[in-house]
Trainee: 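Pasting in a structure now, in structure tokens, and then I'll have a few things to ask.
In the text below, chain A, chain B and the rest are named by the order of the sequence lines, each starting its count at 1.
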Number of protein chains: 2
Amino acid sequence: MELRHLRYFCAVAEEQSFTSAARRLHVSQSGVSGQVRDLERELGVTLLRRNQREVMLTSEGAVFLREAQSILAHAQRAVEIVTRASQGQYGKLTIGL
Amino acid sequence: MELRHLRYFCAVAEEQSFTSAARRLHVSQSGVSGQVRDLERELGVTLLRRNQREVMLTSEGAVFLREAQSILAHAQRAVEIVTRASQGQYGKLTIGL
DNA sequence: AAATCTTACGGGTGACGTAACGATC
DNA sequence: GATCGTTACGTCACCCGTAAGATTT
């Protein structure tokens with residue numbers, strides 16, 4: 001599992017559409033479909049119900065969505081933190097461990 | 001940035017060695033070196049100081065390490081949660097946020 | 001010389017886009 | 001017929017391992 005899987009899944013879940021998600025991610029629809037399929041296969045869990053006309057979260061998918069969103073937000077925060085820390089340039093202290 | 005970058009970086013930081021980290025990850029040393037280099041390049045931040053005989057965290061690296069460890073733990077937890085949810089079939093609790 | 005990290009180089013896996021198919025409205 | 005998701009397939013990027021190079025002890 002990689003962050004890409006989470007990014008794609010979250011986009012689909014939020015847009016409730018593979019097509020819209022692909023547009024938002026600037027990738028092809030088939031790419032999104034494949035990655036979400038791989039994620040579900042790896043987890044062994046069906047996250048989305050592709051019914052007629054609609055893409056809906058399963059109950060497991062809803063649970064996983066919150067986690068995935070939280071993880072992505074955390075990753076983004078981590079980048080900002082370390083970027084800011086390097087710009088700030090304050091501590092030259094090398095903290096052990 | 002992908003979870004792989006975080007896994008590799010955390011292993012190196014924790015082992016304080018690229019060689020040990022590679023062993024632990026069951027990949028080659030050069031692979032670890034390359035991925036950590038790519039991560040630093042993407043962040044625009046030097047995370048590790050490769051001095052003679054030692055690999056030490058920079059202050060920015062120490063900050064990022066905590067975040068990375070937390071993210072990886074979160075990701076692992078997410079997998080467990082959704083796996084358990086699908087097995088249990090009866091949603092235990094939906095932990096808010 | 002031994003140990004360690006980096007860099008160069010090839011190969012194989014996989015992510016991606018195009019296109020064709022099936023299904024639903 | 002139009003829209004949407006899936007699948008097949010060819011391409012290309014990139015991850016990885018091997019090997020050579022640089023540095024230190």
Side-chain angles (χ1 to χ4, degrees), chain A residues 1-62 64-65 68 71-72 75 79 94 96-97, chain B residues 1-58 60-62 64-65 68 71-72 75 79:
Chain A
M1 188 176 80
E2 296 294 343
L3 290 179
R4 183 187 52 259
H5 295 114
L6 305 185
R7 293 190 197 102
Y8 285 23
F9 165 66
C10 285
V12 173
E14 290 165 3
E15 300 282 340
Q16 299 200 337
S17 157
F18 283 77
T19 303
S20 303
R23 245 195 306 271
R24 197 175 101 185
L25 295 166
H26 301 101
V27 294
S28 73
Q29 182 196 28
S30 72
V32 177
S33 176
Q35 290 298 309
V36 173
R37 169 173 47 75
D38 292 346
L39 176 60
E40 290 179 312
R41 193 166 298 177
E42 180 177 347
L43 293 174
V45 177
T46 300
L47 299 171
L48 296 167
R49 193 70 62 185
R50 292 88 157 163
N51 274 344
Q52 58 277 12
R53 212 63 184 160
E54 284 182 324
V55 174
M56 290 184 57
L57 285 166
T58 61
S59 57
E60 295 88 358
F64 193 71
L65 175 60
I71 291 167
L72 291 175
V79 173
T94 51
L97 184 61
Chain B
M1 188 177 79
E2 295 294 343
L3 290 179
R4 183 187 52 260
H5 295 113
L6 306 184
R7 293 189 197 102
Y8 285 23
F9 165 67
C10 286
V12 172
E14 291 164 4
E15 300 281 341
Q16 300 201 335
S17 158
F18 283 77
T19 304
S20 303
R23 246 195 305 272
R24 196 174 102 184
L25 295 165
H26 301 100
V27 294
S28 74
Q29 182 197 27
S30 73
V32 177
S33 176
Q35 290 298 308
V36 173
R37 169 174 46 75
D38 292 346
L39 176 60
E40 290 179 312
R41 194 166 298 178
E42 180 177 346
L43 293 174
V45 176
T46 300
L47 299 172
L48 297 167
R49 192 70 59 188
R50 292 91 156 160
N51 275 342
Q52 58 276 13
R53 211 65 184 156
E54 285 183 323
V55 174
M56 290 184 57
L57 286 164
T58 62
E60 295 88 358
F64 193 70
L65 175 60
I71 291 167
L72 291 175
V79 173

Trainee: Applying side chain to side chain contact (heavy atoms under 4.5 Å, CB included), can you list everything that pairs with A:Val27, at least two apart in sequence or on another chain?
Mentor: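 Once residues adjacent in sequence are excluded, the partners of A:Val27 under the side chain to side chain contact (heavy atoms under 4.5 Å, CB included) criterion are A:Tyr8, A:Leu25, A:Val32.
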Trainee: Under 4.0 angstrom, heavy atoms only, what part of the nucleic acid is A:Val32 near: base, sugar-phosphate, or nothing?
Mentor: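 The residue A:Val32 makes no contact with any strand.
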Trainee: Using a 4.0 Å cut-off to any heavy atom of chain A, which nucleotides of DNA chain C are the first and last in contact, reading 5' to 3'?
Mentor: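 Terminal contacting nucleotides, 5' to 3': C:dA15 to C:dC25.
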Trainee: Of all residues at least two apart in sequence or in a different chain, which pass the salt bridge (charged side-chain N to carboxylate O under 4.0 Å, His left out) check with A:Glu42?
Mentor: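 For A:Glu42, no residue satisfies salt bridge (charged side-chain N to carboxylate O under 4.0 Å, His left out) once neighbours in sequence are set aside.
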Trainee: So, are A:Glu2 and A:Arg7 salt-bridged, with charged N and O less than 4.0 Å apart?
Mentor: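 Looking at A:Arg7 together with A:Glu2, the answer is no, because their closest N to O distance does not fall below 4.0 Å.
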Trainee: Starting at CZ of B:Arg41, measure out to CG of B:Leu39 and round the result to the nearest 0.5 Å.
Mentor: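 Rounded to the nearest 0.5 Å, the CZ-CG separation comes to 11.5 Å.
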Trainee: Can you tell me how far the CE atom of A:Met1 sits from the CG atom of A:Leu6, to the nearest 0.5 Å?
Mentor: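 Rounded to the nearest 0.5 Å, the CE-CG separation comes to 5.0 Å.
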Trainee: Kindly check if the number of other-residue, nucleotide or ligand heavy atoms within 6.0 Å of CZ (B:Arg49) is above 12?
Mentor: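 12 or below, so no.
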Trainee: Of all of residues 43-51 of chain A, which get a heavy atom below 4.0 angstrom from DNA chain C, listed by number?
Mentor: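 Of all residues in residues 43-51 of chain A, none places a heavy atom under 4.0 Å from DNA chain C.
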Trainee: Report the residues that fulfil side chain to side chain contact (heavy atoms under 4.5 Å, CB included) with B:Val45, sequence neighbours left out, ordered by chain and then residue number.
Mentor: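 By the side chain to side chain contact (heavy atoms under 4.5 Å, CB included) rule, B:Val45 matches A:Val82, A:Ser86, B:Leu43, B:Leu47, B:Glu60.
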Trainee: Would you please name every residue forming a side chain to side chain donor-acceptor pair (under 3.5 Å) with A:Thr46, sequence neighbours left out?
Mentor: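 Expected list: none.
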Trainee: Under the side chain to side chain contact (heavy atoms under 4.5 Å, CB included) test, which residues partner B:Ser20, sequence neighbours left out?
Mentor: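 Partners of B:Ser20 by the side chain to side chain contact (heavy atoms under 4.5 Å, CB included) criterion, ordered by chain and then number, come out as B:Glu15, B:Ser17, B:Arg23.
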Trainee: Starting from the C-alpha separation in whole Å, work towards a yes-or-no answer on side-chain contact (heavy atoms from CB on, under 4.5 Å) for A:Thr58 and A:Leu48.
Mentor: CA-CA 5 Å; A:Thr58 61; A:Leu48 296 167; 5.9 Å; no
Trainee: Output all residues satisfying side chain to side chain contact (heavy atoms under 4.5 Å, CB included) with A:Gln16, sequence neighbours left out; order by chain, then residue number.
Mentor: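 With sequence neighbours excluded, A:Gln16 shows a side chain to side chain contact (heavy atoms under 4.5 Å, CB included) to no residue whatsoever.
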Trainee: Go through the structure and list residues passing ring-ring contact (aromatic ring centres under 6.0 Å, His included) with A:Phe9, not counting sequence neighbours.
Mentor: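 For A:Phe9, the residues satisfying ring-ring contact (aromatic ring centres under 6.0 Å, His included) (neighbours in sequence not counted) are A:Phe64.
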Trainee: Sequence neighbours excluded, which residues qualify as salt bridge (charged side-chain N to carboxylate O under 4.0 Å, His left out) partners of A:Arg50?
Mentor: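 Scan of A:Arg50 (salt bridge (charged side-chain N to carboxylate O under 4.0 Å, His left out), adjacent residues dropped) gives A:Glu40.
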Trainee: Specify the separation, in whole Å, of atom CG of A:Asp38 and atom C1' of D:dT7.
Mentor: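 Whole-Å distance recorded here is 13 Å.
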Trainee: Mind running a 4.0 Å heavy-atom check of residues 4-22 of chain A against DNA chain D and sending the residues that fall below it, in number order?
Mentor: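 Correct list: A:Ser17, A:Phe18, A:Thr19.
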Trainee: If I take atom CG in residue A:Leu39 and atom P in nucleotide D:dG5, what distance separates them, rounded to the nearest angstrom?
Mentor: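 One finds 17 Å between P of D:dG5 and CG of A:Leu39, rounded.
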Trainee: Check nucleotides 18-25 of chain D against the protein and report each pair of N or O atoms closer than 3.5 Å, with its distance, or say if there are none.
Mentor:
residue	atom	partner	partner atom	Å
D:dT18	O4	B:Ser30	OG	2.9

